[in-house]
Amino acid sequence: MKIMEKLQREVFEQFERYGQMQVFRFWDILNSDERLSLCRQAGRIDLTRFSEIVRSFLDKEKSSLIDPKVPILPASYIALPSDETSHCRWEDAYNLGEQILHEGRIAVFTAAGGQGTRLNFEGPKGTFAVTPIKGKSLFQVFAEKIRFAEKRYGHPIHWFIMTSDRNHNETIEFFGKNNSFALANVYFIRQGQLPAIDMQGKIMLEDKYRIAMHPNGHGGAFKAFVAGGGSAILEAEGINMISYFQVDNPLVRVLDPHFIGFHEKNNSQMSSRMVWKHYPEERMGVFCSIYGRSAVIEYTDLPAAYATECDRNGTLRFRAGNTGIHIFNSDFFRLLGNETSGRHLPLHVAKKKIPTIDEDGKIIDPEISNGIKFEAFIFDALQFAERSIIVEGNRREIFTPIKNAIGLDSPETCRQDQVRLFSKWLVQAGSDIPLDATGCPPFNIEISPLFADNERDFLIKWNQMEQPPPIAPGSYIGP
Ligand code: UTP
(Lines give C-alpha, C1' and ligand atoms only; values in the text may rest on other atoms or scores of the structure.)
Protein backbone atom coordinates (compact mmCIF):
# COMPACT_ATOMS: atom_id res chain seq x y z
CA MET A 1 0.00 0.00 0.00
CA LYS A 2 2.85 2.34 0.94
CA ILE A 3 4.50 1.71 -2.43
CA MET A 4 1.29 2.53 -4.28
CA GLU A 5 0.84 5.74 -2.31
CA LYS A 6 4.39 6.81 -3.05
CA LEU A 7 4.03 6.02 -6.74
CA GLN A 8 0.72 7.90 -6.90
CA ARG A 9 2.17 10.94 -5.17
CA GLU A 10 5.17 11.11 -7.48
CA VAL A 11 3.17 10.62 -10.64
CA PHE A 12 0.48 13.10 -9.64
CA GLU A 13 3.12 15.70 -8.82
CA GLN A 14 4.70 15.33 -12.24
CA PHE A 15 1.44 15.41 -14.14
CA GLU A 16 0.20 18.37 -12.10
CA ARG A 17 3.43 20.27 -12.85
CA TYR A 18 3.02 19.78 -16.59
CA GLY A 19 -0.73 20.45 -16.70
CA GLN A 20 -1.67 16.86 -17.65
CA MET A 21 -3.95 15.92 -14.72
CA GLN A 22 -6.84 15.13 -17.11
CA VAL A 23 -5.20 11.72 -17.42
CA PHE A 24 -6.52 10.94 -13.92
CA ARG A 25 -10.01 12.32 -14.35
CA PHE A 26 -11.67 8.93 -13.73
CA TRP A 27 -9.47 8.20 -10.70
CA ASP A 28 -12.34 8.19 -8.22
CA ILE A 29 -14.20 5.41 -9.99
CA LEU A 30 -11.18 3.18 -10.73
CA ASN A 31 -10.55 0.06 -8.69
CA SER A 32 -7.14 -0.50 -7.09
CA ASP A 33 -5.76 -2.65 -9.95
CA GLU A 34 -6.78 -0.03 -12.51
CA ARG A 35 -5.21 2.73 -10.44
CA LEU A 36 -1.97 0.82 -10.16
CA SER A 37 -1.92 0.09 -13.87
CA LEU A 38 -2.55 3.75 -14.78
CA CYS A 39 0.08 5.00 -12.33
CA ARG A 40 2.65 2.56 -13.66
CA GLN A 41 1.94 3.52 -17.26
CA ALA A 42 2.06 7.24 -16.44
CA GLY A 43 5.24 6.79 -14.42
CA ARG A 44 7.06 5.34 -17.42
CA ILE A 45 6.59 8.52 -19.47
CA ASP A 46 9.52 10.94 -19.39
CA LEU A 47 7.20 13.88 -18.91
CA THR A 48 9.92 16.51 -18.72
CA ARG A 49 11.17 15.65 -22.19
CA PHE A 50 7.73 14.94 -23.60
CA SER A 51 6.42 18.31 -22.41
CA GLU A 52 9.22 20.06 -24.32
CA ILE A 53 8.16 18.17 -27.43
CA VAL A 54 4.52 19.15 -26.93
CA ARG A 55 5.45 22.77 -26.28
CA SER A 56 7.54 23.03 -29.41
CA PHE A 57 4.71 21.43 -31.39
CA LEU A 58 2.16 23.90 -30.02
CA ASP A 59 4.53 26.82 -30.68
CA LYS A 60 5.16 25.91 -34.27
CA GLU A 61 1.92 24.09 -35.12
CA LYS A 62 3.57 22.67 -38.21
CA SER A 63 4.27 19.15 -39.26
CA SER A 64 7.28 19.92 -41.45
CA LEU A 65 10.81 19.90 -40.13
CA ILE A 66 12.03 21.61 -43.31
CA ASP A 67 12.93 25.26 -43.21
CA PRO A 68 11.76 26.79 -46.53
CA LYS A 69 14.82 29.09 -46.60
CA VAL A 70 17.27 26.18 -46.62
CA PRO A 71 18.57 25.27 -50.11
CA ILE A 72 17.78 21.67 -51.04
CA LEU A 73 19.75 19.77 -53.70
CA PRO A 74 19.33 16.21 -54.97
CA ALA A 75 21.65 13.85 -53.11
CA SER A 76 24.41 12.20 -55.08
CA TYR A 77 24.47 8.43 -55.13
CA ILE A 78 26.44 5.48 -56.49
CA ALA A 79 24.51 4.58 -59.62
CA LEU A 80 23.96 1.06 -60.92
CA PRO A 81 26.76 -0.02 -63.25
CA SER A 82 26.46 1.22 -66.82
CA ASP A 83 29.93 0.82 -68.36
CA GLU A 84 33.06 -1.21 -67.90
CA THR A 85 34.54 1.02 -65.23
CA SER A 86 31.43 1.06 -63.10
CA HIS A 87 30.97 -2.70 -63.58
CA CYS A 88 34.46 -3.17 -62.17
CA ARG A 89 33.65 -0.94 -59.18
CA TRP A 90 30.48 -2.93 -58.48
CA GLU A 91 32.35 -6.22 -58.84
CA ASP A 92 35.01 -5.02 -56.40
CA ALA A 93 32.30 -4.01 -53.94
CA TYR A 94 30.68 -7.44 -54.34
CA ASN A 95 33.92 -9.25 -53.56
CA LEU A 96 34.55 -7.08 -50.52
CA GLY A 97 30.97 -7.64 -49.32
CA GLU A 98 31.38 -11.39 -49.70
CA GLN A 99 34.60 -11.25 -47.69
CA ILE A 100 32.80 -9.44 -44.84
CA LEU A 101 30.01 -12.00 -44.95
CA HIS A 102 32.55 -14.81 -44.78
CA GLU A 103 34.12 -13.12 -41.77
CA GLY A 104 30.69 -12.97 -40.07
CA ARG A 105 30.93 -9.25 -39.34
CA ILE A 106 27.34 -8.26 -40.00
CA ALA A 107 24.03 -8.75 -38.18
CA VAL A 108 20.46 -8.21 -39.41
CA PHE A 109 17.88 -5.85 -37.94
CA THR A 110 14.20 -5.74 -38.95
CA ALA A 111 11.88 -2.94 -37.89
CA ALA A 112 8.57 -4.66 -37.25
CA GLY A 113 7.01 -2.54 -34.54
CA GLY A 114 4.59 -0.57 -36.72
CA GLN A 115 0.84 -0.79 -36.37
CA GLY A 116 0.15 -1.59 -40.03
CA THR A 117 -3.08 0.40 -39.89
CA ARG A 118 -3.37 0.87 -43.66
CA LEU A 119 -3.11 -2.86 -44.38
CA ASN A 120 -6.03 -3.48 -42.07
CA PHE A 121 -4.66 -6.86 -40.99
CA GLU A 122 -5.13 -8.28 -37.52
CA GLY A 123 -1.78 -9.27 -36.08
CA PRO A 124 1.87 -8.31 -36.63
CA LYS A 125 2.58 -7.40 -40.26
CA GLY A 126 5.49 -9.83 -40.34
CA THR A 127 3.01 -12.71 -40.00
CA PHE A 128 1.17 -11.62 -43.16
CA ALA A 129 1.16 -14.35 -45.87
CA VAL A 130 2.95 -12.86 -48.82
CA THR A 131 4.42 -15.35 -51.28
CA PRO A 132 2.41 -16.26 -54.41
CA ILE A 133 2.21 -20.07 -54.10
CA LYS A 134 3.12 -21.17 -50.59
CA GLY A 135 1.72 -18.13 -48.81
CA LYS A 136 4.83 -17.82 -46.66
CA SER A 137 4.79 -15.00 -44.14
CA LEU A 138 7.09 -12.00 -44.44
CA PHE A 139 9.01 -13.29 -41.41
CA GLN A 140 9.48 -16.69 -43.06
CA VAL A 141 10.79 -15.09 -46.25
CA PHE A 142 13.44 -13.14 -44.30
CA ALA A 143 14.26 -16.17 -42.17
CA GLU A 144 14.89 -18.26 -45.29
CA LYS A 145 17.12 -15.55 -46.74
CA ILE A 146 19.11 -15.59 -43.53
CA ARG A 147 19.34 -19.40 -43.56
CA PHE A 148 20.56 -19.25 -47.15
CA ALA A 149 23.27 -16.78 -46.11
CA GLU A 150 24.24 -18.84 -43.06
CA LYS A 151 24.80 -21.86 -45.25
CA ARG A 152 26.64 -19.96 -47.93
CA TYR A 153 28.97 -18.05 -45.63
CA GLY A 154 29.36 -20.69 -42.94
CA HIS A 155 28.40 -18.44 -40.01
CA PRO A 156 25.42 -18.15 -37.70
CA ILE A 157 23.73 -14.80 -38.37
CA HIS A 158 22.23 -12.75 -35.56
CA TRP A 159 18.77 -11.39 -36.34
CA PHE A 160 17.24 -8.61 -34.24
CA ILE A 161 13.53 -7.97 -34.67
CA MET A 162 12.09 -4.77 -33.29
CA THR A 163 8.55 -5.17 -32.00
CA SER A 164 6.27 -2.83 -30.07
CA ASP A 165 3.99 -3.33 -27.09
CA ARG A 166 1.09 -4.00 -29.44
CA ASN A 167 2.67 -6.93 -31.26
CA HIS A 168 5.57 -8.16 -29.10
CA ASN A 169 3.89 -11.20 -27.56
CA GLU A 170 2.15 -12.24 -30.76
CA THR A 171 5.42 -11.99 -32.70
CA ILE A 172 7.22 -14.18 -30.19
CA GLU A 173 4.37 -16.69 -30.25
CA PHE A 174 4.51 -16.82 -34.03
CA PHE A 175 8.23 -17.59 -34.00
CA GLY A 176 7.67 -20.13 -31.24
CA LYS A 177 4.99 -21.92 -33.28
CA ASN A 178 7.35 -22.03 -36.25
CA ASN A 179 10.44 -23.13 -34.30
CA SER A 180 12.05 -19.80 -35.22
CA PHE A 181 12.17 -21.09 -38.79
CA ALA A 182 15.19 -23.19 -37.82
CA LEU A 183 17.26 -20.13 -36.83
CA ALA A 184 19.19 -20.17 -33.56
CA ASN A 185 19.99 -16.48 -33.07
CA VAL A 186 16.76 -14.49 -33.19
CA TYR A 187 16.26 -11.68 -30.65
CA PHE A 188 13.12 -9.65 -30.05
CA ILE A 189 13.62 -6.07 -29.03
CA ARG A 190 10.72 -4.00 -27.84
CA GLN A 191 10.70 -0.37 -28.95
CA GLY A 192 9.59 2.56 -26.83
CA GLN A 193 6.22 4.27 -26.84
CA LEU A 194 4.97 7.83 -26.72
CA PRO A 195 1.61 9.22 -25.65
CA ALA A 196 -0.79 10.73 -28.17
CA ILE A 197 -2.04 14.26 -27.53
CA ASP A 198 -5.17 16.09 -28.56
CA MET A 199 -4.99 19.28 -30.61
CA GLN A 200 -4.60 21.31 -27.40
CA GLY A 201 -1.56 19.33 -26.29
CA LYS A 202 -3.33 17.23 -23.66
CA ILE A 203 -2.33 13.58 -23.31
CA MET A 204 -5.22 11.37 -24.42
CA LEU A 205 -6.77 8.33 -22.76
CA GLU A 206 -7.79 5.22 -24.67
CA ASP A 207 -9.68 3.92 -21.68
CA LYS A 208 -10.49 5.24 -18.20
CA TYR A 209 -7.28 3.80 -16.86
CA ARG A 210 -5.11 3.59 -19.97
CA ILE A 211 -3.19 6.34 -21.72
CA ALA A 212 -3.34 6.28 -25.54
CA MET A 213 0.23 5.21 -26.34
CA HIS A 214 1.78 4.37 -29.71
CA PRO A 215 5.16 3.03 -30.88
CA ASN A 216 7.74 5.82 -31.15
CA GLY A 217 8.55 5.27 -34.85
CA HIS A 218 11.21 3.20 -36.61
CA GLY A 219 13.73 5.75 -35.36
CA GLY A 220 13.13 4.16 -31.96
CA ALA A 221 15.43 1.37 -33.21
CA PHE A 222 18.64 2.84 -31.80
CA LYS A 223 17.51 3.27 -28.22
CA ALA A 224 15.57 0.01 -28.22
CA PHE A 225 18.63 -1.85 -29.51
CA VAL A 226 20.97 -0.53 -26.85
CA ALA A 227 18.43 -0.87 -24.04
CA GLY A 228 17.53 -4.37 -25.24
CA GLY A 229 21.14 -5.58 -25.00
CA GLY A 230 21.79 -5.68 -28.77
CA SER A 231 25.10 -3.80 -28.65
CA ALA A 232 26.45 -6.13 -26.00
CA ILE A 233 25.72 -9.13 -28.24
CA LEU A 234 27.45 -7.53 -31.23
CA GLU A 235 30.47 -6.63 -29.18
CA ALA A 236 30.78 -10.13 -27.80
CA GLU A 237 30.54 -11.58 -31.33
CA GLY A 238 32.92 -9.13 -33.01
CA ILE A 239 30.20 -7.83 -35.34
CA ASN A 240 30.59 -4.26 -36.53
CA MET A 241 27.82 -3.76 -39.09
CA ILE A 242 24.05 -3.94 -39.06
CA SER A 243 21.91 -4.58 -42.12
CA TYR A 244 18.64 -2.77 -41.41
CA PHE A 245 15.34 -3.10 -43.29
CA GLN A 246 11.63 -2.82 -42.67
CA VAL A 247 9.24 -5.68 -42.31
CA ASP A 248 6.95 -4.87 -45.22
CA ASN A 249 9.28 -5.57 -48.18
CA PRO A 250 9.73 -9.26 -49.15
CA LEU A 251 12.14 -8.46 -52.00
CA VAL A 252 14.75 -6.88 -49.75
CA ARG A 253 18.26 -8.32 -50.10
CA VAL A 254 18.68 -9.06 -46.43
CA LEU A 255 22.46 -9.29 -46.82
CA ASP A 256 23.58 -7.77 -50.10
CA PRO A 257 27.30 -8.18 -50.87
CA HIS A 258 27.37 -5.14 -53.23
CA PHE A 259 25.79 -2.84 -50.68
CA ILE A 260 27.93 -4.19 -47.82
CA GLY A 261 31.06 -3.78 -49.92
CA PHE A 262 30.31 -0.16 -50.82
CA HIS A 263 29.58 0.59 -47.16
CA GLU A 264 32.95 -0.84 -46.09
CA LYS A 265 34.93 0.68 -48.94
CA ASN A 266 33.66 4.17 -48.14
CA ASN A 267 34.15 3.75 -44.41
CA SER A 268 30.53 4.80 -44.15
CA GLN A 269 28.69 5.09 -40.83
CA MET A 270 25.26 4.91 -42.40
CA SER A 271 24.56 3.73 -45.94
CA SER A 272 21.20 3.93 -47.67
CA ARG A 273 19.62 2.18 -50.61
CA MET A 274 17.69 4.26 -53.09
CA VAL A 275 15.46 3.32 -56.02
CA TRP A 276 13.99 5.59 -58.66
CA LYS A 277 10.73 7.23 -57.81
CA HIS A 278 8.12 6.30 -60.38
CA TYR A 279 6.42 9.71 -60.66
CA PRO A 280 6.59 13.08 -58.87
CA GLU A 281 3.59 12.60 -56.62
CA GLU A 282 4.57 9.12 -55.51
CA ARG A 283 4.27 8.87 -51.73
CA MET A 284 7.92 8.19 -51.15
CA GLY A 285 10.58 10.18 -49.30
CA VAL A 286 13.56 11.33 -51.39
CA PHE A 287 17.24 11.64 -50.62
CA CYS A 288 18.41 15.24 -50.74
CA SER A 289 21.50 17.14 -49.82
CA ILE A 290 21.19 19.97 -47.31
CA TYR A 291 24.33 21.98 -46.62
CA GLY A 292 26.37 19.08 -47.98
CA ARG A 293 24.78 16.43 -45.77
CA SER A 294 22.38 13.79 -46.99
CA ALA A 295 18.84 13.81 -45.67
CA VAL A 296 15.52 12.25 -46.53
CA ILE A 297 12.62 14.59 -47.12
CA GLU A 298 9.19 13.04 -46.82
CA TYR A 299 6.88 13.42 -49.80
CA THR A 300 4.57 15.56 -47.69
CA ASP A 301 7.41 18.00 -46.98
CA LEU A 302 9.08 18.26 -50.40
CA PRO A 303 7.83 21.42 -52.12
CA ALA A 304 5.95 20.58 -55.34
CA ALA A 305 8.36 22.69 -57.39
CA TYR A 306 11.17 20.35 -56.37
CA ALA A 307 9.15 17.17 -56.64
CA THR A 308 8.24 17.85 -60.30
CA GLU A 309 11.54 19.39 -61.43
CA CYS A 310 13.30 17.56 -64.28
CA ASP A 311 16.88 17.70 -65.55
CA ARG A 312 17.97 18.12 -69.18
CA ASN A 313 17.16 14.49 -70.00
CA GLY A 314 13.63 14.88 -68.71
CA THR A 315 14.26 12.73 -65.64
CA LEU A 316 13.18 13.79 -62.16
CA ARG A 317 15.93 15.67 -60.35
CA PHE A 318 14.67 14.51 -56.96
CA ARG A 319 14.31 10.89 -57.98
CA ALA A 320 16.27 9.05 -55.28
CA GLY A 321 13.44 7.32 -53.45
CA ASN A 322 13.98 6.04 -49.93
CA THR A 323 13.53 2.28 -49.46
CA GLY A 324 14.14 2.13 -45.71
CA ILE A 325 17.11 -0.17 -46.36
CA HIS A 326 20.36 0.80 -44.63
CA ILE A 327 23.65 -0.50 -43.35
CA PHE A 328 24.93 0.98 -40.10
CA ASN A 329 28.23 0.78 -38.37
CA SER A 330 27.52 -0.74 -34.99
CA ASP A 331 29.43 2.08 -33.21
CA PHE A 332 27.22 4.65 -34.87
CA PHE A 333 24.11 2.64 -34.00
CA ARG A 334 25.25 2.45 -30.40
CA LEU A 335 26.03 6.16 -30.25
CA LEU A 336 22.53 7.08 -31.36
CA GLY A 337 21.05 4.62 -28.94
CA ASN A 338 22.93 6.06 -26.00
CA GLU A 339 20.57 8.20 -23.93
CA THR A 340 23.40 10.47 -22.85
CA SER A 341 25.05 11.02 -26.25
CA GLY A 342 22.95 14.13 -26.88
CA ARG A 343 22.01 12.84 -30.32
CA HIS A 344 18.25 12.74 -30.31
CA LEU A 345 16.32 12.20 -33.51
CA PRO A 346 13.71 14.87 -34.18
CA LEU A 347 10.09 13.83 -33.79
CA HIS A 348 7.71 14.08 -36.71
CA VAL A 349 4.10 14.83 -35.97
CA ALA A 350 1.14 13.22 -37.67
CA LYS A 351 -2.50 14.08 -37.20
CA LYS A 352 -4.31 10.76 -36.75
CA LYS A 353 -7.63 9.24 -35.82
CA ILE A 354 -6.98 8.11 -32.27
CA PRO A 355 -9.52 5.90 -30.51
CA THR A 356 -10.26 7.57 -27.19
CA ILE A 357 -13.02 8.16 -24.63
CA ASP A 358 -15.35 11.10 -24.04
CA GLU A 359 -15.99 12.95 -20.79
CA ASP A 360 -18.36 10.17 -19.65
CA GLY A 361 -15.82 7.47 -20.42
CA LYS A 362 -17.66 6.27 -23.54
CA ILE A 363 -15.38 4.90 -26.28
CA ILE A 364 -15.08 7.10 -29.37
CA ASP A 365 -13.82 5.75 -32.70
CA PRO A 366 -13.22 9.03 -34.52
CA GLU A 367 -13.96 9.51 -38.20
CA ILE A 368 -11.60 12.43 -38.59
CA SER A 369 -8.20 13.17 -37.07
CA ASN A 370 -8.60 14.07 -33.43
CA GLY A 371 -5.06 13.89 -32.14
CA ILE A 372 -1.35 13.91 -32.76
CA LYS A 373 1.19 11.11 -32.78
CA PHE A 374 4.92 11.70 -32.55
CA GLU A 375 7.39 9.44 -34.32
CA ALA A 376 11.14 9.35 -34.86
CA PHE A 377 12.30 8.24 -38.33
CA ILE A 378 15.38 6.09 -38.88
CA PHE A 379 16.61 8.16 -41.82
CA ASP A 380 17.00 11.26 -39.64
CA ALA A 381 20.11 9.57 -38.28
CA LEU A 382 21.77 10.81 -41.47
CA GLN A 383 22.20 14.25 -39.89
CA PHE A 384 24.54 12.73 -37.30
CA ALA A 385 26.60 10.71 -39.78
CA GLU A 386 29.91 12.24 -40.74
CA ARG A 387 30.32 9.67 -43.49
CA SER A 388 27.33 8.32 -45.39
CA ILE A 389 26.70 6.97 -48.86
CA ILE A 390 23.64 6.23 -50.97
CA VAL A 391 23.65 3.28 -53.35
CA GLU A 392 21.17 2.75 -56.16
CA GLY A 393 19.19 -0.47 -56.32
CA ASN A 394 17.08 -1.89 -59.12
CA ARG A 395 13.55 -1.27 -57.89
CA ARG A 396 12.11 -4.41 -59.47
CA GLU A 397 14.71 -6.51 -57.72
CA ILE A 398 14.74 -5.14 -54.21
CA PHE A 399 11.62 -3.18 -53.37
CA THR A 400 7.92 -3.98 -53.17
CA PRO A 401 6.52 -2.86 -49.82
CA ILE A 402 3.08 -3.84 -48.60
CA LYS A 403 1.41 -0.77 -47.17
CA ASN A 404 -2.24 -0.72 -48.25
CA ALA A 405 -5.01 -3.33 -48.33
CA ILE A 406 -5.75 -2.55 -51.99
CA GLY A 407 -4.33 -0.43 -54.82
CA LEU A 408 -0.75 0.79 -54.76
CA ASP A 409 1.76 -1.04 -52.57
CA SER A 410 -0.77 -3.72 -51.69
CA PRO A 411 -0.59 -7.53 -51.40
CA GLU A 412 -1.65 -7.73 -55.06
CA THR A 413 1.09 -5.44 -56.41
CA CYS A 414 3.55 -7.27 -54.19
CA ARG A 415 2.47 -10.65 -55.60
CA GLN A 416 2.89 -9.34 -59.15
CA ASP A 417 6.32 -7.91 -58.37
CA GLN A 418 7.50 -11.21 -56.91
CA VAL A 419 6.20 -13.25 -59.84
CA ARG A 420 7.69 -10.76 -62.30
CA LEU A 421 11.10 -11.07 -60.68
CA PHE A 422 11.04 -14.88 -60.49
CA SER A 423 10.02 -14.99 -64.17
CA LYS A 424 12.88 -12.70 -65.12
CA TRP A 425 15.40 -15.05 -63.50
CA LEU A 426 13.86 -18.05 -65.22
CA VAL A 427 13.84 -16.33 -68.60
CA GLN A 428 17.51 -15.40 -68.08
CA ALA A 429 18.13 -19.08 -67.42
CA GLY A 430 16.49 -19.97 -70.75
CA SER A 431 12.94 -20.89 -69.68
CA ASP A 432 10.16 -20.09 -72.07
CA ILE A 433 7.52 -18.20 -70.08
CA PRO A 434 4.74 -16.07 -71.63
CA LEU A 435 5.00 -12.53 -70.28
CA ASP A 436 2.79 -9.48 -70.63
CA ALA A 437 4.13 -6.01 -71.45
CA THR A 438 5.08 -5.48 -67.80
CA GLY A 439 7.06 -8.75 -67.65
CA CYS A 440 4.38 -10.58 -65.66
CA PRO A 441 3.28 -14.15 -66.58
CA PRO A 442 -0.44 -15.03 -66.54
CA PHE A 443 0.11 -17.43 -63.62
CA ASN A 444 1.87 -17.68 -60.26
CA ILE A 445 5.31 -19.14 -59.72
CA GLU A 446 7.58 -18.97 -56.72
CA ILE A 447 11.27 -19.41 -56.00
CA SER A 448 12.25 -20.15 -52.42
CA PRO A 449 14.99 -18.00 -50.88
CA LEU A 450 16.43 -21.33 -49.74
CA PHE A 451 17.12 -22.06 -53.41
CA ALA A 452 18.36 -18.53 -54.24
CA ASP A 453 17.34 -15.01 -53.27
CA ASN A 454 18.93 -13.16 -56.20
CA GLU A 455 19.51 -13.61 -59.90
CA ARG A 456 23.24 -14.23 -59.74
CA ASP A 457 22.96 -17.12 -57.28
CA PHE A 458 19.85 -18.41 -59.01
CA LEU A 459 21.57 -18.73 -62.38
CA ILE A 460 24.56 -20.52 -60.86
CA LYS A 461 22.35 -23.02 -59.07
CA TRP A 462 19.94 -23.51 -61.94
CA ASN A 463 22.75 -24.13 -64.39
CA GLN A 464 24.25 -26.71 -62.05
CA MET A 465 21.04 -28.76 -62.11
CA GLU A 466 21.24 -31.84 -64.28
CA GLN A 467 17.62 -31.63 -65.26
CA PRO A 468 15.96 -28.32 -64.35
CA PRO A 469 12.21 -28.81 -63.79
CA PRO A 470 9.76 -27.60 -66.43
CA ILE A 471 8.02 -24.36 -65.48
CA ALA A 472 4.23 -24.44 -65.41
CA PRO A 473 1.49 -22.50 -63.63
CA GLY A 474 1.95 -23.03 -59.89
CA SER A 475 5.61 -24.10 -60.13
CA TYR A 476 7.54 -23.81 -56.88
CA ILE A 477 11.31 -24.00 -56.96
CA GLY A 478 12.77 -24.79 -53.61
CA PRO A 479 14.28 -27.51 -51.49
P1 UTP B 1 5.16 2.52 -41.83
O2 UTP B 1 5.50 3.94 -41.78
O3 UTP B 1 4.74 1.98 -43.14
O4 UTP B 1 4.06 2.25 -40.74
O5 UTP B 1 6.37 1.70 -41.27
P6 UTP B 1 3.23 0.95 -40.38
O7 UTP B 1 2.99 1.07 -38.93
O8 UTP B 1 3.86 -0.33 -40.84
O9 UTP B 1 1.88 1.11 -41.19
P10 UTP B 1 0.71 2.18 -41.04
O11 UTP B 1 1.32 3.53 -41.35
O12 UTP B 1 0.16 2.08 -39.64
O13 UTP B 1 -0.27 1.73 -42.08
C14 UTP B 1 7.48 1.33 -42.04
C15 UTP B 1 8.22 0.25 -41.30
O16 UTP B 1 8.67 0.72 -40.04
C17 UTP B 1 8.22 -0.13 -39.00
C18 UTP B 1 7.00 -0.85 -39.55
O19 UTP B 1 6.80 -2.07 -38.87
C20 UTP B 1 7.39 -1.00 -40.99
O21 UTP B 1 8.28 -2.09 -41.13
N22 UTP B 1 7.86 0.69 -37.83
C23 UTP B 1 7.05 1.76 -37.97
C24 UTP B 1 8.35 0.31 -36.61
O25 UTP B 1 9.08 -0.69 -36.48
N26 UTP B 1 7.99 1.05 -35.52
C27 UTP B 1 7.21 2.15 -35.61
O28 UTP B 1 6.93 2.78 -34.58
C29 UTP B 1 6.72 2.51 -36.86
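We use all heavy atoms of the structure for the numbers below, so side chains are in, but hydrogens, waters and symmetry mates are not.
- Side-chain atoms of Asn454 come within 3.5 Å of backbone atoms of Arg456 as a donor-acceptor pair (strictly under, hydrogens ignored).
- Here the side chain of Asn167 pairs a donor or acceptor atom with the backbone of Ser164 at under 3.5 angstrom.
- Without hydrogens or angle criteria, Gln418 side chain to Val130 main chain gives a donor-acceptor distance under 3.5 Å.
- Glu412 has a carboxylate O that lies under 4.0 Å from a charged side-chain N of Arg415, or vice versa, which qualifies the two as a salt bridge.
- Put simply, the residue from Leu435, Leu426, Asp436 that forms a side chain to side chain contact (heavy atoms under 4.5 Å, CB included) with Pro441 is Leu435.
- Between Phe422 and Trp425, the ring-plane angle classifies as perpendicular under the 30° and 60° cut-offs.
- Among Arg190, His214, Gln191, the one residue that satisfies the side chain to side chain donor-acceptor pair (under 3.5 Å) test with Asp165 is Arg190.
- Of the options Arg396, Lys461, Lys424, a salt bridge (charged side-chain N to carboxylate O under 4.0 Å, His left out) to Glu455 is made by Lys424 and by none of the others.
- With respect to Arg273 and Asp256, a salt bridge is recorded, a charged nitrogen being found less than 4.0 Å from a carboxylate O.
- In this structure, Pro250 and Phe128 have side chains that are not in contact, with every pair of non-hydrogen atoms separated by 4.5 Å or more.
- Ionic pairing of Asp417 and Arg420 is present here: one or more N-O contacts between side-chain nitrogen and carboxylate oxygen are shorter than 4.0 angstrom.
- Counting heavy atoms from C-beta outward, Leu347 and Leu194 have side chains that approach closer than 4.5 Å.
- Exactly one residue among Leu345, Ile378, Val247 makes a side chain to side chain contact (heavy atoms under 4.5 Å, CB included) with His218. That residue is Ile378.
- A salt bridge is absent between Glu392 and Arg319: the closest approach of a Lys/Arg side-chain nitrogen to an acidic carboxylate oxygen does not fall below 4.0 angstrom.
- Judged as a salt bridge (charged side-chain N to carboxylate O under 4.0 Å, His left out), the pairs with a partner in residues 106-125 (not counting sequence neighbours) are, in order, Lys125-Asp248.
- Between Phe160 and Phe109, the angle of the ring planes stays under 30°, which puts this pair in the parallel group of the 30/60° scheme.
- Between Arg253 and Glu397, none of the side-chain N atoms (NZ, or NE/NH1/NH2) sits under 4.0 Å from a carboxylate O, so this pair counts as no salt bridge.
- Although no hydrogens or angles enter the test, the distance criterion places a donor-acceptor pair under 3.5 Å between the side chain of Glu446 and the main chain of Ile133.
- Checked for salt-bridge contact, Lys277 and Glu282 miss the test: no charged N lies under 4.0 Å from a carboxylate O.
- For Ser388, the side chain to side chain donor-acceptor pair (under 3.5 Å) criterion is met by no residue, not counting sequence neighbours.
- For Lys352 and Gln115, the side-chain atoms include no donor-acceptor pair closer than 3.5 Å.
- Between Phe222 and Phe328, the ring planes lie perpendicular to each other; the angle is over 60°, past the 30° to 60° tilted range.
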Output, in order, the C-alpha distance, side-chain angles, deciding distance and verdict of salt bridge (charged side-chain N to carboxylate O under 4.0 Å, His left out) for Arg152 and Asp457.
CA-CA 10 Å; Arg152 182 179 167 119; Asp457 290 334; 2.6 Å; yes
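- Two residues are said to be in side-chain contact when any heavy atoms from C-beta on lie closer than 4.5 Å; Ser243 and Ile260 fail this criterion.
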